Structures are given as structure tokens and as C-alpha cells.
Trainee: 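Mind having a look at this structure? Questions to follow.
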Amino acid sequence: MAFAGRRRTERLQTLALLLRAVPIGEADLVVTFFTEERGLLAALARGARRSAKRFVGLEPMHLLRLALDERPGAELGVLSEASIEHPRLHLTSNLARLEAAGRALRWVRDIAPAHTAEPEVWRELNRLLDELDEAPRRGPAEADAPALPPDAALVTTGLRLLGAFGWGLDLSRCVSCGRACAQGTSALADPARGGLVCRACGGGRLLLRAELRERLAAIAEGGEGTIPLDDLRTAFDLVEGALTAHASGR
Ligand SMILES: [Zn+2]
């Protein structure tokens, strides 16, 4: 019967990142994942709190492989298997890196549309987590020192996530009147409005030095570039402010 056919559950197999786990009832968890195949989705993990062995892979930061059953129209899938496909143990043993990675995962959790594959976001998020997982390159005495400040890596990812979601910052012209910003000049930016806002249009709360503005634009385009340490705070405020402006409040 067609009606029965529509209600059949479908097995989804996908790589995934764990974004959140919320206890429900006596023994279960509602887990939110960002998946390669289906973007953001939530599933019920039955018995996950009764036995840690039930889903050994249910940990954040590592690349996970999942199998879950989805019924068309149902809000929650049912998790049937979870395993760690690729562990990220350097990342999970360093607090600064964990905080940076956690922030990026929250951005995606708050912004990504449900049940929509986002290949660019998937790639960028995993690229960041792999970068934060790189073994320290210095001597054993500095084993905790990351290869680069985690916040710099986070700014790069934030800029690219904005582009991937279609909200790329405009760092070359005023978002209000469209007037181009002359090369080599500093400019005011309003993250919530998506880029530069010239003084005639009210300006913005962040002052971007010319060099920073150009580096941010290059990174957003996918290029390499480092953000001067002195500018990191401003760059982070810009990216965080722009991403937060698009958060749904989930
Ligand atoms: Zn303007």
C-alpha cells in the first residue's frame, strides 16, 4: 500500500560530528549532529545513558560514523550505531583548542538549516578540527603550545562559514550605499549588517585597519593569510558578530 510505503523508515549512513547531547527520560539522549549527508539533524539514542557501551563513539570533536533510522515526517531519527571513524586526540587534550573548536561547532548548530547537506560547511569544519588536532611542532617543553593561536584558525573558519552559508562579509564597499572603500584605507564595519558601513551611512562599531581588511577579504575568498596578533580581537568580534546575527536562537 502506498500509505504504508511512505511511513517506512530509511536507514541513513553518514559521517557526522556531535554537536549536542541532551538527556531525556531515564536512559536516553537526544543527540544533535552535523552530518555529511544530511546537514543538521537530531536523533534519539536509546539506552545511551544506561550503558556507555551502547554507543561508544558518541563524543564531540572526533569524526563519527553513524547509522540511523529516519521515518519521513518524524522530527527525530533513531540512532542505531555510532563509531569513531577518525579520533582527534591532540585536539581533545588541549583546552584552548577545545574552546575554539567548540565555538565553531556552536556556530554551525545555531545557524545551519535542518536536514540540508552543506558540503562547504562540512569541509571547512572538518578542516578546522584537523588543523586544531595537528601535533605540536615544537619541543616537548612546549607540547601544549598550538602551532598557531586557535583563535586565528577560528577567525578563518568563521569567515568561510559566512561565505558558505551565503552571508559573506562585504569588506570592499559600504553595505548600505555601495560606495567602494579606497584601497589602503581603514574602514568601519558593522558585523550585524554584514560588512563595511561608511561614515555617511552611520559607520560601524569596529575599525578595520587597511591591512586587516585586505587580509580578511583574502581569507574569506579561500586564500591563505595570517591575521596579525594585534588585530585578532577585532577580527574575532567581526566574525562572531556576523555569525551571531544569523543565529536562530535554537
Ligand atoms: Zn555608505
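For ligands, and for the atoms within them, numbers begin at 1 and follow the listed sequence. On a predicted model such as this, the values are computed, not experimentally measured, just so you know.
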Trainee: Are the side chain of Arg205 and the backbone N or O of Pro191 linked by a donor-acceptor pair below 3.5 Å?
Mentor: no

Trainee: Mind checking whether Trp167 and His246 have parallel, tilted or perpendicular rings, split at 30° and 60°?
Mentor: parallel

Trainee: Show me the side-chain donor-acceptor pairs of residues 171-188 shorter than 3.5 Å, one per line, residues at least two apart or across chains.
Mentor:
from   : atom 1 : to     : atom 2 : distance (Å)
Ser172 : OG     : Asp170 : OD1    : 3.1
Thr185 : OG1    : Ala182 : O      : 2.6

Trainee: I'd like to verify the contacts: list protein N, O or S atoms under a distance of 2.8 Å from the Zn ion (ligand 1).
Mentor: Cys174 SG, Cys177 SG, Cys198 SG, Cys201 SG

Trainee: To the closest 0.5 Å, what do you measure between OG1 (Thr156) and CG (Leu216)?
Mentor: 8.5 Å

Trainee: Treating Arg65 as the side-chain partner and Glu85 as the backbone partner, does any N or O pair qualify as donor plus acceptor under 3.5 Å?
Mentor: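 No, Arg65 side chain to Glu85 backbone: no donor-acceptor pair under 3.5 Å.
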
Trainee: Among Glu131, Arg88, Glu36, exactly one meets side-chain hydrogen bond (donor to acceptor under 3.5 Å, both in side chains) together with Asn126. Which residue is that?
Mentor: Arg88

